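Bear in mind that the values here come from a model prediction, so they are computed numbers and not experimental data. Residue numbers run from 1 in the order of the sequence given. Start at 1 and go down the list; that is how both ligands and their atoms are numbered. When reading the values below, keep in mind they use all heavy atoms of this one structure, side chains included, and skip hydrogens, waters and symmetry mates.
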Amino acid sequence: MKIDTVVHKIDNSNIDEKILAQAAALLKQGELVAFPTETVYGLGADALRPEASKKIYTAKGRPSDNPLIIHVAEFEALYHIAKEVPESAKRLAAKFWPGPLTMILPKSEAVPYETTGGMDTVAIRMPDHPLALALIKAGGGYVAAPSANTSGRPSPTLAEHVYQDLSGKVAMILDGGAVGIGLESTIVDLSEEIPMILRPGYITKEMLEEVIGEVQVDPGLIAADSDVKPKAPGMKYRHYAPKANLVIVKGEPEAVVDRINAMTKEHLAAGKKVGVIGTDETIVLYEATVIKSIGSRQDEDSIARHLYAILREYDEMDVDCIFSESFATPRIGHAIMNRLLKAAGHQVIEV
Ligand code: TXA
Ligand code: MG
């Protein structure tokens, strides 16, 4: 069933109270409202109402075993939706909330299985965005929100991306402009004895370890085609695959440029259209059909911020293949490469 999707531009520093009240009313009626967070846009529904959560799965075309993150605006909310709140959760929240960190805890009875994809644990995050926080507060305090994309497409970093994927499927989109980080939150599972990262993000393993001691990384994340399944159900799906064949070239900068140019030449000679993903520092060195800079190596956050938009832009162009540099930058590189490798189906050439 198609519904009318209303889009409202919002000034994040002066939020229109009337529109906010309308958005909150929609959430309370069990409808879907998309909104910006500091990581990516989220597709919100009342997390404590099973029918509302179900609508999210339908709108996204999301497998029903893939659980949702509940977004809260106050730390105290944890006591309602988690069975217990360990010391580690308190310390991490004190340090990183509001912010790009999702914690997994055993769920309470208040949380329906429709929201957790049948799991006995619940993922919880307090986003660092004024509009997101205002909407959560006004909308009842517990907003389930996956990234606001169609399942399998890159996460949305602009309201336009949400509209491309979900117009006719959501009641309202709150357009708060471009997001800040551009990659989804770090997910840390606190439900087992040793905390484990299930999805890398802006908050790194080292940052977590400074606060709570030893943290492990889900072995299912590192393996490319192994039998070890990732612990977060969503990480097992092949996400963000662009229409063109994407290959990553890894190595010393000069050798990477040479190899990409050599492969481009071959493909152009064979009548193919070739796209390149380079950086501000290298784009002048390439010769291809389309060349895009993802950001600057001097500013790794800029690379994270533009990754999904670049993949979407290439989806709209009819290139046959894309060659990308590798972006294993010092801090957020682990998160960037986790997404880029998935988009490339783990096709990497080392030079
Ligand atoms: O930055 C973000 O986290 C964004 C914004 C909107 O907040 N949200 C987001 O949600 O990325 P989503 O649904 O696209 O990704 C949630 C991931 C999925 O991989 C899901 O499988 C995992 O979190 N997840 C959720 N609950 C879980 C649980 N109880 N146990 C293990 N993994 C869980
Ligand atoms: Mg997602």
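Contact annotation: T116 has no heavy atom less than 4.0 Å from any atom of ligand 1. Contact between K107 and ligand 1 is absent, with no heavy atom of the residue lying under 4.0 Å from the ligand. Under a 4.0 angstrom heavy-atom cut-off, A145 registers as being in contact with ligand 1.
Proximity of M126 to ligand 1, defined as any heavy-atom pair under 4.0 Å, is not found for any part of the residue. Contact annotation for I69 and ligand 1: only side-chain heavy atoms (C-beta onward) come within less than 4.0 Å of the ligand. At a heavy-atom cutoff of 4.0 Å, ligand 1 is contacted by the side chain of I187 but not by its backbone.
Every atom of ligand 1 with a heavy atom of T121 under 4.0 Å away is listed here by number and element: 28 (C), 29 (N), 30 (N). Of all the atoms in ligand 1, the ones that sit under 4.0 Å from a non-hydrogen atom of I104 are 27 (C), 28 (C), 30 (N), 31 (C), 32 (N), 33 (C). Every atom of ligand 1 is numbered from 1 in the order shown, and the set under 4.0 Å from a heavy atom of H71 is 5 (C), 6 (C), 7 (O). Those atoms of ligand 1 that come under 4.0 Å of a heavy atom in P233, given as number and element, are 21 (O), 31 (C), 32 (N). Which parts of ligand 1 touch T39 is read off a 4.0 Å heavy-atom cut-off, strictly below it: atoms 1 (O), 2 (C), 4 (C), 5 (C).
Annotation: side chain to side chain contact (heavy atoms under 4.5 Å, CB included) contacts of E51 (sequence neighbours excluded): R49. Considering only residues two or more places apart in sequence or on other chains, F323 meets the ring-ring contact (aromatic ring centres under 6.0 Å, His included) condition with H267.
A donor-acceptor contact closer than 3.5 angstrom is absent between the side chains of S155 and R339. Donor-acceptor pairing under 3.5 Å is lacking for the side chains of R199 and T102.
A cation-pi arrangement, defined by a distance under 6.0 Å to the six-membered ring centre and an angle within 45 degrees of its axis, is absent between K292 and Y286. In this structure, R331 is positioned above the aromatic face of Y202, its NZ or CZ under 6.0 Å from the six-membered ring centre and within 45° of the axis.
Of all heavy-atom pairs between L246 and S324, the closest is CD1-CB, 4.0 Å.
Taken from CD1 in I173 to CD in E160, the straight-line distance is 9.5 Å, to the nearest 0.5 Å. Taken to the nearest 0.5 Å, the CG atom of N14 stands 10.5 Å off from the CG atom of N12.
Of all the listed residues (R199, E38, E184), R199 holds the heavy atom that lies closest to atom 15 (O) of ligand 1. When the options G234, G201, S185 are ranked by their closest heavy atom to atom 2 (C) of ligand 1, first place goes to S185. Nearest-heavy-atom check against atom 33 (C) of ligand 1 across P67, P146, P156 picks out P67.
Within a 6.0 Å radius of OH in Y163, no more than 12 heavy atoms belonging to other residues, nucleotides or ligands are found.
Looking at ligand 1, you'll find an N or O of R62 within less than 3.5 Å of one of its N or O atoms. Looking at N66 next to ligand 1, an N or O pair under 3.5 Å apart turns up. By the 3.5 Å distance cut-off applied to N or O atoms, R125 is counted among the residues near ligand 1.
Among the backbone and side-chain atoms of S151, no N/O/S atom is found under 2.8 Å from the Mg ion (ligand 2).
Between F35 and H71, the ring-plane angle classifies as perpendicular under the 30° and 60° cut-offs.
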